[in-house]
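Dropping the structure in here first, questions after.
Residue numbers begin at 1 in each chain, while the letters A, B, ... track the order of the sequences.
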Protein chains: 2
Amino acid sequence: MGRLAPVRRASTVDLIAERLREAVVDGSLPPGTVLGEAELAYQLGVSRGPLREAMQRLTAEGLLVIPRRRGLAVRTMTAEDVRDIHWLRARIEPELGRRILTLPPAERRAVLAELGAEVKRMQRALRKDDARALGDAYLDFHRVLAVWGGSLRLARMLGTLLIETRLCTFSMFEHFEVHRDLVPEHVAFVEALAAEDGERFGMLVQAHLEAEVRRLLAEPEDPKHDDSDRLHAETPDEPQPLDRLDLPEGL
Amino acid sequence: MGRLAPVRRASTVDLIAERLREAVVDGSLPPGTVLGEAELAYQLGVSRGPLREAMQRLTAEGLLVIPRRRGLAVRTMTAEDVRDIHWLRARIEPELGRRILTLPPAERRAVLAELGAEVKRMQRALRKDDARALGDAYLDFHRVLAVWGGSLRLARMLGTLLIETRLCTFSMFEHFEVHRDLVPEHVAFVEALAAEDGERFGMLVQAHLEAEVRRLLAEPEDPKHDDSDRLHAETPDEPQPLDRLDLPEGL
DNA sequence: TATTGTAAGTTTGTCGACAATCTGATGATC
DNA sequence: GATCATCAGATTGTCGACAAACTTACAATA
């Protein structure tokens with residue numbers, strides 16, 4: 001008899017949390033956004049109870065802060081957060097290549113195919129000058145890495161770190177922005193994996209993450225710094241010119 | 001004018017979450033414990049609303065699972081979780097030594113003092129054959145490492161991983177248990193730091209974590225395996241012979 | 001005897017409401 | 001004119017209640 005996977009229906013709280021995460025990722029809820037519970041609950045079509053539960057979950061994930069008696073606010077990342085998040089990613093992601101290379105050949109090929117597809121998405125986005133699509137493909141590329149190179153727990157944890165990375169971008173620049181070099185860097189990642197060179201993969205990822213920190217904190221790599229390599233996009237979805245609020249962390 | 005740190009009152013949800021974390025750490029709520037919301041809310045002296053919010057937070061932290069319509073259950077760690085958690089710790093903790101060594105001398109001395117104090121606590125506990133106290137000092141030792149070697153975020157994340165480590169112990173053995181070697185291992189950590197040898201510190205921590213995995217999964221290091229090195233303690237606080245339940249993860 | 005159908009009981013998931021608290025502004029006093 | 005006190009408005013934090021859903025036990029049938 002074939003094993004049936006257990007049914008897993010998402011609870012309302014799951015749904016709300018997922019919706020809020022999406023909103024954070026796609027920029028509908030830029031960092032610093034302050035929202036009232038009643039209003040937000042009405043928009044989502046739920047009552048305040050489940051919404052508050054979802055808020056607590058996202059708070060634990062570090063995406064939201066809950067200032068007392070002020071509803072909820074999307075977390076604004078600081079320079080320290082940027083360094084922090086990338087430091088953590090740099091401890092984990094370079095190792096994932098090694099782990100992927102220990103997978104059975106069939107799965108390994110599958111991973112390479114998926115990663116290749118994401119890189120193609122990135123290239124297409126670059127040709128169209130679509131910063132948003134490029135950033136989304138970037139997220140998915142690293143998610144694939146996490147899913148195959150790690151466990152469920154690791155995938156979840158890295159998933160959160162990746163969303164936080166996006167929050168860093170939104171926090172550091174007013175608009176969404178990615179760097180053109182992203183694409184060749186990721187091409188190199190895939191090439192290293194295809195060549196079964198885990199060592200090289202690790203070093204490339206490490207270098208990429210360090211470069212990302214520099215780009216986010218606007219520390220030029222070399223004196224003749226040029227902004228023309230940056231691809232940016234206004235956040236088109238729900239412009240919401242909401243108030244900003246920098247709080248000393250609500251937790 | 002002197003900078004005042006902002007006042008931070010803990011919300012009810014914070015309090016409940018902290019109380020539940022404590023209960024998980026001290027074994028009052030062993031893995032697999034299933035609790036009804038109403039009963040638990042009554043015990044804590046709060047209504048179900050805030051309790052449910054705290055549950056969501058602990059779920060995001062990975063300590064609880066919320067099976068649908070069955071209240072809440074303390075997560076039971078699997079062998080994969082054990083490997084996972086220690087793999088993550090092994091990516092992070094060895095680096096903390098290096099970072100502590102870059103601290104200004106005054107702070108560095110303070111850290112060493114704190115770590116030394118924790119080791120002393122461990123030694124006292126060992127002399128009394130008090131496994132529980134030994135385990136608590138172990139947790140605090142590594143918390144000190146996280147606080148000084150990392151950022152707030154890192155401290156919180158590692159804090160969660162440490163509680164999960166405790167859950168691993170509870171999940172793998174029926175009773176609380178630690179290994180005698182823990183103490184000399186930690187003495188060596190402090191010595192390496194005192195000698196400003198970050199490299200050696202890293203390797204020792206790495207080795208410790210690998211050993212922990214072996215101990216937890218009962219993979220003997222050498223053929224003539226001997227259990228006499230293990231120190232165990234029944235969980236005295238609230239014996240609660242509660243039902244056990246192994247669920248396919250509620251999230 | 002094993003299995004399925006039924007029903008009662010229990011518990012959760014969700015909602016609405018109340019009260020405490022905070023914010024912001026207005027007015028009074030020095 | 002500036003500072004402090006007071007007050008109204010709005011919003012959260014908490015609670016109680018209802019209904020839906022699930023579990024478990026029991027009985028009936030093949």
Separation of A/D14 atom CG from C/dT12 atom C1', in whole Å?
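Distance check: A/D14 CG to C/dT12 C1' gives 15 Å.
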
Between P of D/dA10 and CD of A/E39, the distance in whole Å
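Nearest whole value for this atom pair: 15 Å.
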
Students often get this wrong, so: under 4.0 angstrom with heavy atoms, is B/G36 touching a base, only sugar-phosphate, or nothing?
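Sugar-phosphate contact only - B/G36 comes under 4.0 Å of backbone atoms but never of a base.
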
Length of the CG-P vector between B/L40 and C/dT10, whole Å
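B/L40 atom CG is separated from C/dT10 atom P by 20 Å.
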
Over how many whole Å does the gap from B/L44 atom CG to D/dC15 atom C1' extend?
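In whole Å, D/dC15 C1' lies 15 Å from B/L44 CG.
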
I'd like to know if B/R166 pairs up with B/D136 as an ion pair, taking the criterion as any Lys NZ or Arg NE/NH1/NH2 lying under 4.0 Å from an Asp or Glu carboxylate oxygen.
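Looking at B/D136 together with B/R166, the answer is yes, because their closest N to O distance falls below 4.0 Å.
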
If you check every side-chain atom of B/R69, which of D/dT23, C/dT11, C/dC22 has the closest atom?
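Looking only at side-chain atoms, B/R69 lies closest to C/dT11.
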
Categorize A/V13 for me: base, sugar-phosphate, or nothing, with a 4.0 angstrom heavy-atom threshold over every strand shown.
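No contact.
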
Is it true that A/R153 and B/E164 make a salt bridge, defined as a side-chain N closer than 4.0 Å to a carboxylate O?
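So A/R153 pairs with B/E164 through a salt bridge.
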
Both A/R48 and B/L72 contact DNA chain C. Taking the nearest nucleotide for each, which residue is further toward the 5' end?
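Closest to the 5' end, via its nearest nucleotide, is B/L72.
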
Residue-phosphate contact under 4.0 Å: B/R52 side-chain N/O, C/dG13 OP1/OP2:
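True: B/R52 side-chain N/O within range (under 4.0 Å) of C/dG13 OP1/OP2.
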
Should the pair B/E80-B/R83 be classified as a salt bridge under the 4.0 Å nitrogen-to-oxygen rule?
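B/R83 and B/E80: not salt-bridged.
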
Please report, rounded to the nearest Å, how far the P atom of D/dC15 is from the CD atom of B/E37.
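Result: 14 Å.
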
May I ask you to decide whether A/D14 forms a salt bridge with A/R57, counting only side-chain N to carboxylate O separations under 4.0 Å?
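Salt bridge between A/D14 and A/R57, a charged N being under 4.0 Å from a carboxylate O: yes.
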
Closest to the B/P50 side chain, choosing from C/dC15, D/dG13, D/dC15
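Of the options given, the side chain of B/P50 lies nearest D/dC15.
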
Please tell me whether B/H86 and B/E212 have a donor and an acceptor in their side chains that are separated by less than 3.5 angstrom.
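On atom types as modelled, these side chains do not qualify, holding no pair under 3.5 Å.
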
Contact nearer the 5' end of DNA chain C, comparing A/R68 with A/S47:
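The residue closer to the strand's 5' end, by nearest nucleotide, is A/S47.
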
For the pair made of CZ in B/R70 and P in C/dG9, what is the distance, rounded to whole Å?
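So the two atoms are 20 Å apart, to the nearest Å.
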
Between A/Q56 (CD) and D/dT12 (P), how many Å, whole number?
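My rounded result for the distance is 14 Å.
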
Rounded to whole angstrom units, what separation is found between the OH atom of A/Y42 and the C1' atom of D/dA10?
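Spelled out: OH on A/Y42 to C1' on D/dA10 is 19 Å.
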
